[in-house]
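Notes follow once the structure below has been shown.
Protein chains get the first letters and strands the later ones, always in sequence-line order, with residue 1 at the start of each.
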Amino acid sequence: MLEHYGQTAKSDAAQWGLNARRREISCGAWSRSRPEGAARVVFLPTFARIPSRFMLQLSVLRDQTDLVLAGLAKKRYATGPADVAAILDLDQRRRQLQTSHDSAQAEANKLAQQIGGLMKSGDKAGAETLKIRTAELKQHTQSAAAELAQVEKEQQQLLYKLPNLPHASVPEGRAAADNEVVREHGAKPELGADALPHWDLIKKYDIIDFELGVKITGAGFPVYKGQGARLQRALINFFLDEARSAGYTEMQPPILVNEASGYGTGQLPDKEGQMYHDAKDDLYLIPTAEVPLTNIYRDEIIPVEKLPIRITGHTPCFRREAGSWGADVRGLNRLHQFDKVEIVQITEPEHSYAALDTMVAHIESLLQQLGLPYRVLRLCGGDMGFTSALTYDLEVWSAAQGRWLEVSSASNFETYQANRLKCRYKADGGKTQLLHTLNGSALALPRIVAALLENNQTSDGIELPAVLHSYCGFSRIG
RNA sequence: AGAGAGGUGGCAGAGUGGUCGAAUGCGACGGUUUCGAAAACCGUUAUACCGGCAACGGUAUCGGGGGUUCGAAUCCCCCCUUCUCUACCA
């Protein structure tokens, strides 16, 4: 499947260049490394309401080339000018070919009809005469179609390499140190000198077992035991219940996805090497519920009265984390498999940044109820994800490690994913337009668990926040 | 996993090589009629790309891809998928 481009007909799948996958680039590690305490503090409103007009569609590349180049530069995308120039060259060629192909085909179609008429009236000689011309036309359309397919393929591959453009409010910067701290909340707990990091606490109370995971699977696949397993389940239920009362509909999507879904949300081809792949059935284990949840709306024209879409789901997430190493990935800080509750919104373009604010507010309310000190960061251009236009990271204070841990990332993708997904609606006046997609973790489990254990430890147990007591069926560990 | 039958426009459902982008019905939208509504009647009813300021014109799309032909919804091949029976299993 998905092996060949059509000669004249181009299916959606082919237009997306799905067969381009194997030769694509692979970028760096999935997760950003974030040395703690390095961000500079600034004070800004949650978001600046700046009209969005960016989408990496061909029309935008053509009409607003300078803005695109500026955006790519802010995102620290090195080969932007060369790639954009190449895409525009290919585009000109593509349009020539299309026009030439279409007019030849139009003539051929007319002749075919005439031949039909001649055959019926018994004029075989007349038909044969016309066939000479159709043979010429056929040769022309075939070669034009073949070249067209080649040009489209090259163009699509280049387009897939381009990241989304950053929103105007995104700060300049190269790395984590350049992110802006939008606000901080909660007091950091003072722990005694004998306070333990979570990787010692889980052993002390025998609630999470890494060695056992190594035996069964390998590094980065811990086994949660007893109260540890129950705490996980409690957090998942708490997060899902909170999302539901915030208006999100709960979904249970598949956790293996096909190639088209990977392209739809932008994991492919960008992060091919970071996903577990089952070659036998050509399926990918999801790195986040974002992929299946957002792809529910792939190839859809959503009735405007159903907007905004708000959905949530709990899934395990799988990340190969190739190239990841060092002290800051110890314990629960980075895993190959972890659980996460995700929230997804799909909105009309004019409402997406307000929606992003409500998502961040929702995530903050979770952290507040859990009593965890946190801060909200606005990521700089160089530290943002490939597909995002604006990303807020939320980090909790891990008291025994003495560092901030990223527990959530909430992003507005504007039309970047929607363009790939073909996720649209009928705007006023009946015009079909791309929607905006957004998502956020609410929340990722392991680092929440780490912070809960560390921040709430006493010499002989861990006192859990009140909100979890009924969910857990216990109030303390140990 | 084996055998069989299917996949056509928002839905239902015709169409087995030549004005078929596709009959018909339903639904939806607009209009005539009406005090208003129903009924009836008339009209409209997809997506993408190319050309054009636009009106509009062209091309493609009948699950997906490839092939045969001057011409394919219709014939051939591969794949996906749905249903039924059998097998198996949570």
Please determine, for B:U32, whether a Watson-Crick or G-U wobble partner exists with both distances under 3.5 Å, and give it or none.
B:A40
What does A:R133 touch in the nucleic acid at a heavy-atom separation under 4.0 angstrom: a base, only the sugar-phosphate, or nothing?
nothing
So if I take every side-chain heavy atom of A:M119 and compare against B:C70, B:U59, B:C50, which nucleotide ends up nearest?
B:C70
Any strand is fair game: report the nucleotide pairing with B:U81 by Watson-Crick or G-U wobble, both distances under 3.5 Å, or none.
B:G6
When A:E107 and A:A112 are each assigned the nearest nucleotide of RNA chain B, the 5'-most assignment goes to A:A112
Taking the same atom, P, in B:U19 and in B:A12, what whole-Å distance lies between them?
26 Å
Rounded distance in Å between the C1' positions of B:C83 and B:C78:
22 Å
Sort out the partner of B:A72 for me: Watson-Crick or G-U wobble, both distances under 3.5 Å, none otherwise.
none
For the C1' atoms, the ones on B:U16 and on B:C76, what distance do you get once it is rounded to whole angstrom?
14 Å
Report the residue (A:L111 or A:G117) whose heavy-atom-nearest nucleotide on RNA chain B is the more 5′ of the two.
A:G117
Euclidean distance, atom CZ of residue A:R95 to atom C1' of B:G58 [Å, nearest integer]:
16 Å
What is the distance from CZ of A:R298 to P of B:A48, rounded to the nearest Å?
17 Å
Roughly how many Å apart are B:C20 and B:A14, using the C1' atom of each and rounding to a whole number?
12 Å
A:N109 vs B:U59: side-chain N/O to OP1/OP2 distance below 4.0 Å:
yes
Nearest-Å distance, CD (A:Q96) to C1' (B:C49)?
16 Å
Could you let me know what B:G51 is paired to, Watson-Crick or G-U wobble, both distances under 3.5 Å, or none if it's on its own?
B:C56
Ionic contact status for A:D91 with A:R95, cut-off 4.0 Å
yes
Tell me: CD of A:Q114 to C1' of B:U19, nearest whole Å?
12 Å
Closest approach of A:Y224 to A:L335 (non-hydrogen atoms, all atoms of both residues):
OH-CD1, 3.8 Å
With rounding to whole Å, what would you report as the distance between B:A55 and B:A46 at their P atoms?
16 Å
Could you tell me whether A:Q139 atom CD has more than 12 heavy atoms of other residues or ligands within 6.0 Å of it?
no
Write down the distance separating the P atoms in B:C56 and B:G63, rounded off to the nearest Å.
30 Å
Send over the distance from A:R94 CZ to B:U59 C1', rounded to a whole Å.
13 Å
What is the distance from OH of A:Y425 to C1' of B:G10, rounded to the nearest Å?
21 Å
Hey, is CD on A:Q92 packed in by over 12 heavy atoms from elsewhere, all under 6.0 Å?
no
Contact class for A:T432 vs. all strands (heavy atom < 4.0 Å): base, sugar-phosphate, or nothing?
sugar-phosphate
In this structure, are over 12 heavy atoms from other groups packed under 6.0 Å from A:R233 atom CZ?
no
Aromatic rings A:Y276 and A:F221: how do their planes relate, parallel, tilted or perpendicular, breaks at 30° and 60°?
tilted
Hey, are A:K110 and A:E107 close enough for a salt bridge, meaning a charged N less than 4.0 Å from a carboxylate O?
no
Under a 3.5 Å cut-off for both contacts, is B:A22 paired Watson-Crick or G-U wobble with anything, and if yes, with which nucleotide?
none
Any side-chain N or O of A:Q105 under 4.0 Å from OP1/OP2 of B:A60?
yes
Which one, B:C50, B:U69, B:G18, comes nearest to the side chain of A:D102?
B:C50
Which nucleotide, if any, forms a Watson-Crick or G-U wobble pair with B:A87, using both distances under 3.5 Å?
none
Side chain of A:R424 only, please: which of B:G51, B:A48, B:U69 is the nearest?
B:A48
C1' spacing across the pair B:C80 / B:G64, given as an integer number of angstrom:
7 Å
Heavy-atom nearest pair, A:L307 first then A:I346, reads CD2-O, 3.7 Å
Could you tell me the separation between the NZ atom of A:K422 and the C1' atom of B:U61, rounded to a whole number of Å?
15 Å
Rounded to whole angstroms, how far apart are CD on A:Q113 and C1' on B:U69?
16 Å
Proximal nucleotide (of B:G58, B:G51, B:G18) relative to the A:A106 side chain:
B:G58
Partner of B:A46 under the Watson-Crick or G-U wobble criteria, both distances under 3.5 Å, comes out as B:U61
Any A:K138 side-chain nitrogen or oxygen under 4.0 Å from OP1 or OP2 of B:G71
yes
When rounded to the nearest Å, what value does the distance between P atoms of B:C26 and B:G21 take?
25 Å
Who is the Watson-Crick or G-U wobble partner of B:G17, with both distances under 3.5 Å?
none
